[in-house]
Visitor: 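Structure provided below as structure tokens; questions to follow.
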Amino acid sequence: MAVTEVVVDGVVFPPVARPPGSSRAHFLGGAGVRGMEIGGNFIKFTAIGVYLEDAAVPALAKRWAGKTADELASDAAFFRDVVTGEFEKFTRVTMILPLTGEQYAEKVTENCVAYWKATGVYTDAEGAAVEKFKEAFKPETFPPGASILFTHSPAGVLTVAFSKDSSVPAAGGVAIENKALCEAVLESIIGAHGVSPAAKLSLATRVSELLKATNAGDGAPQAEAAVSVSA
């Protein structure tokens, strides 16, 4: 089945991307905006794209083939399977409004630590991983159009890289070996309390179509760069 690009508030997420330092291209699973209601207005902060390696399709098909987009979108277990699946994920967060690295890292890690403590999985290893995460972001500033790039390996290594635009550098960035953090960063976006409902709906819709196409014998996802859909 052909995989199309997605345009989120003017930010283009191409149908295929290769994470920094990875040898494998990933297809665009879904994309959407992150925003918040402030004073009666919906303020958009970032545009987020979630990419999956091809192995995600047969892995997710085992449990989710035949489900509709609405069924996937309403089931937290589907997104949990994406987060914890034995396949690589790549997340690109592109700024709509400016943000400092410290602001971004503080908010992400605050949510992660609260979740870990509530579920009793917070240890010194998670604490050290959080500090390394914060250090990677400390010198960074993100004007509109700049991107944060996360590669989530199934082995539990989170690689963090940065780009001044929407491009993806060939080389990897800072690697943090902590499975809990690796999963929590993606969980914070598409999990039960994920910050981007739009990205979740996009992911559910597109994966549902891919699973249908795979069942029909259309094979692995193929890029169809000429087609654009709005998030």
Visitor: Any side-chain to backbone donor/acceptor pair from N41 onto I43? Under 3.5 Å, distance only.
Guide: no

Visitor: Honestly curious: do I190 and Y115 fall in one hydrophobic cluster under the side-chain, below-4.5 Å linking rule?
Guide: yes

Visitor: Run the salt-bridge test on E135 and K132 with the 4.0 Å N-O cut-off and return the result as yes or no.
Guide: no

Visitor: Might you point out which heavy atoms bring K89 and L52 nearest each other, and give the distance in Å?
Guide: CG-CD2, 3.5 Å

Visitor: With a 4.0 Å cut-off, would you call R206 and E209 a salt bridge?
Guide: no

Visitor: Side chain to side chain donor-acceptor pair (under 3.5 Å) between T94 and S147: does it pass, once the steps are laid out?
Guide: CA-CA 4 Å; T94 298; S147 297; 2.7 Å; yes

Visitor: Give the cluster check for L201 versus L60: same hydrophobic cluster or not, with ILVMFWY residues linked at side-chain heavy-atom distances below 4.5 Å.
Guide: no

Visitor: To the nearest 0.5 Å, what is the distance between OG (S196) and CD1 (I48)?
Guide: 4.5 Å

Visitor: Between D165 and S163, is the side chain to side chain donor-acceptor pair (under 3.5 Å) condition met? List the steps.
Guide: CA-CA 5 Å; D165 50 33; S163 173; 3.0 Å; yes

Visitor: Check side chain to side chain contact (heavy atoms under 4.5 Å, CB included) between R24 and all other residues, then give those that pass, not counting sequence neighbours.
Guide: S22, H26, E53, E88

Visitor: Which heavy-atom pair separates A31 from F13 by the least distance, and what is that distance?
Guide: CB-CD1, 3.8 Å

Visitor: Run the salt-bridge test on E187 and R80 with the 4.0 Å N-O cut-off and return the result as yes or no.
Guide: yes

Visitor: How far apart are the closest heavy atoms of R92 and V11, and which atoms are they?
Guide: NH2-CG1, 3.1 Å

Visitor: Considering all heavy atoms of both residues, which atom of A125 and which atom of N178 are nearest to each other, and what is their separation?
Guide: O-ND2, 3.5 Å

Visitor: Please examine the side chains of V160 and L158, heavy atoms only from C-beta on, and report whether any two atoms are closer than 4.5 Å.
Guide: yes

Visitor: Do F137 and Y104 have ring centroids that are under 6.0 Å from one another?
Guide: yes

Visitor: Are any side-chain N or O atoms of S208 and backbone N or O atoms of A204, one a donor and one an acceptor, separated by less than 3.5 Å?
Guide: no

Visitor: Kindly say whether G191 contributes a backbone atom to a donor-acceptor pair with the side chain of K200 at under 3.5 angstrom?
Guide: yes

Visitor: Which heavy atom of F133 sits nearest a heavy atom of V185, and at what distance?
Guide: CE1-CG2, 4.1 Å

Visitor: State which residue, out of T91, T159, V108, fulfils the side chain to side chain contact (heavy atoms under 4.5 Å, CB included) condition with F150.
Guide: T91

Visitor: Under a 3.5 Å distance rule, please check whether E183 uses its side chain to pair with a backbone N or O of A180 as donor and acceptor.
Guide: no

Visitor: Quick check: closest heavy atoms across F45 and G35, and the distance to 0.1 Å?
Guide: CD1-CA, 3.9 Å

